[in-house]
Amino acid sequence: MTTAPDGALHVLPDGTLELVSHAVRRQRIVHSTDLFATGNRTLADAIGDRRPLVIYTPAVERWYGDRLHRYLTEYCPHGFDAMLLDRAEHSKTLSAVEMICKRAAEAGLRRTSPMVAIGGGICTDLVGLAAAVFRRGVPHLKVPTTLIGLVDAGIGTKNAVNHAGRKSLVGTFYPPEMTILDPAFIRSLPRRHVANGMAEVAKLATVTDAYLFEVLERSGATLVRTQLGQPQADAIAVIERAVHGMLDELAGNLYEHVYQRAMDFGHTFSPYFETASRHTVLHGEAVAMDIALSAALAAEIGILAPSDRDRILGCLRALGLESTWPGTDCHALRDSLTAVREHRDGALNLCLPVGIGAHTFIGQHDFDLTILKRAHAWLQPGQLVARRPTADVRALS
Ligand SMILES: NC(=O)c1ccc[n+]([C@@H]2O[C@H](COP(=O)([O-])OP(=O)(O)OC[C@H]3O[C@@H](n4cnc5c(N)ncnc54)[C@H](O)[C@@H]3O)[C@@H](O)[C@H]2O)c1
Ligand SMILES: [Zn+2]
């Protein structure tokens, strides 16, 4: 508990009163294995002397429920409250946040007692938002159990729900006290969801980390097939480099006051694929489609060598990720960018690869439909053969 003042009152020369917040937020990201094993005190120590509300998903209940309940019974000195949260992307909405708040009120969750989220990105996002608004903010801990959670959703400071037909429209920046990363959860994760998580790793690798990209090219298919079991060294490299790389990118821009973010790569066209497919395309799958389209666009305008475009498409294919959604309508895809521009305060700030592990930003206001269509044509089945790109940078810049 800090005793340092967390704000100050200033009187400006014109008499205006100004309150300044000095609040510092700290988030610890720790690694652990076999989290619910007797003797593993990582989660117990994170909860400490508080009575938590533990919120977990049906998959966690099915695979780890008995061990989790035994663990909490043994290690929570004042007991615990529990809530099973069964939500999918189409129901990742404010009503779920309300349900969590209702359960927290019933449990009499105190101001310093944590909500503990154990599940995939949907669970950690919902609990993060509920923790931010319940009593205007209670602590929370995140225990991601999917690959997306381990390398992305669980380690950042953001949370959000879908609203008014828009992906992630309502949310907060509200870091958890601690995120505990246990890759052993991936052993029970269905392969589709392993590939789904690999898309976020591919996003980071493509634009910032050529070494990680080579690991994915070399071992991505095996890593997905073995649920990150083999090859072990590459599994460790994937998690460690992805987590470290992501946090490194986030650190200088935690509240996203800079709109040119490499981590937005793969997240410009992806909301369209997710929403237009009515969420039959998963988040990571949509990110992969965005990566593929971005690579094709970059090659189309002449800033990415066709050989690198083909490496990117080949890497996604090896991970078992599709390069586009069959129902794609390029007009609607282009129109969906209006919402993205709104979110980035008026400019698209499109992150595009200019090589493996390198990127640039293109901040155009109007997107040329012809180029978008030409790039998308590369992503139809049977069209992945190299051809001369028709460079027209002016139309995009
Ligand atoms: N806040 C952020 O910064 C951020 C970043 C990336 C993604 N996200 C969000 O995360 C969500 C996607 O996350 P997700 O892919 O984890 O989805 P998810 O939470 O739906 O989990 C995927 C599936 O895996 C199952 N599952 C979870 N853990 C399991 C395990 N260990 N064993 C077996 N089955 C398991 C779940 O029941 C579910 O069916 C999206 O809503 C996305 O917007 C948020
Ligand atoms: Zn994402």
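Atoms within each ligand, like the ligands themselves, are counted from 1 in listed order. Please read these numbers as outputs of a predicted model, since none were measured by experiment. All heavy atoms count here, side chains included; hydrogens, waters and symmetry mates do not.
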Which protein non-hydrogen atom lies closest to [atom], naming both residue and atom, and how far is it?
| atom | result |
| --- | --- |
| atom 10 (O) of ligand 1 | Gly121 CA, 3.4 Å |
| atom 21 (O) of ligand 1 | Thr146 CG2, 3.6 Å |
| atom 30 (C) of ligand 1 | Ser188 OG, 3.5 Å |
| atom 39 (O) of ligand 1 | His193 NE2, 4.2 Å |

Please check if the distance between the ring centroids of Tyr174 and His140 is under 6.0 Å.
-> yes
Is the Phe361-His359 ring centre distance short of 6.0 angstrom?
-> yes
Do any nitrogen or oxygen atoms of [X] come within less than 3.5 Å of a nitrogen or oxygen of ligand 1?
| X | result |
| --- | --- |
| Thr57 | no |
| Asn159 | no |
| Lys92 | yes |
| Ala59 | no |
| Ile186 | no |
| Ser168 | no |

Leu228 with Leu181, same ILVMFWY side-chain cluster at under 4.5 Å = yes
At less than 4.0 angstrom from any non-hydrogen atom of [X], what atoms of ligand 1 do you find?
| X | answer |
| --- | --- |
| Lys167 | 40 (C), 41 (O), 42 (C), 43 (O) |
| Glu89 | 40 (C), 41 (O) |
| Phe185 | 30 (C), 31 (N) |
| Ile148 | 7 (C), 13 (O), 15 (O) |
| Gly120 | 16 (O), 19 (O) |
| Trp63 | 33 (C) |
| Pro190 | 33 (C), 34 (N) |
| Lys158 | 1 (N) |

Are a donor atom and an acceptor atom from the side chains of [X] and [Y] found within less than 3.5 Å of each other?
| X | Y | result |
| --- | --- | --- |
| Asp49 | His78 | yes |
| Asn159 | Thr172 | yes |
| Ser188 | Arg62 | no |
| Ser294 | Asp290 | yes |
| His283 | Glu200 | yes |
| Trp378 | Glu300 | yes |
| Thr93 | Ser91 | no |

Taking only protein atoms, how many N, O or S atoms are found under 2.8 Å from the Zn ion (ligand 2)?
-> 3
Checking Tyr64, Tyr75, Tyr56 against His69 for ring pair (Phe, Tyr, Trp, His ring centres under 6.0 Å), the one that qualifies is Tyr56
Can you tell me if [X] has a non-hydrogen atom under 4.0 Å from ligand 1?
| X | answer |
| --- | --- |
| Arg87 | no |
| Gly284 | no |
| Asn196 | yes |
| Ala153 | yes |

Counting heavy atoms not belonging to His31, are there more than 12 under 6.0 Å from its NE2?
-> yes
Which one holds for Leu189 and ligand 1: side chain close, backbone close, both close, or neither close, with close meaning a heavy atom under 4.0 Å?
-> both
Is ligand 1 under 4.0 Å from a heavy atom in the side chain of Asp125, in the backbone, in both, or in neither?
-> side chain
From atom 3 (O) of ligand 1, work out which of Val194, Asp152, Thr145 has a heavy atom at the shortest distance.
-> Asp152
Nearest heavy atom to atom 19 (O) of ligand 1: which of Val151, Asp86, Thr157, Ile122 does it belong to?
-> Ile122
Selection residues 130-155 - residue pairs positive for salt bridge (charged side-chain N to carboxylate O under 4.0 Å, His left out), sequence neighbours left out = Asp152-Lys203
For the backbone of [Y] and the side chain of [X], can you confirm whether one donor and one acceptor N or O come within less than 3.5 Å of each other?
| X | Y | result |
| --- | --- | --- |
| Asn196 | Gly284 | yes |
| Ser113 | Leu109 | no |
| Asp209 | Gly245 | no |

May I ask you to say whether [X] pairs ionically with [Y], meaning some side-chain N is under 4.0 Å from a carboxylate O?
| X | Y | result |
| --- | --- | --- |
| Glu177 | Arg50 | yes |
| Glu106 | Lys102 | yes |
| Asp34 | Arg67 | yes |

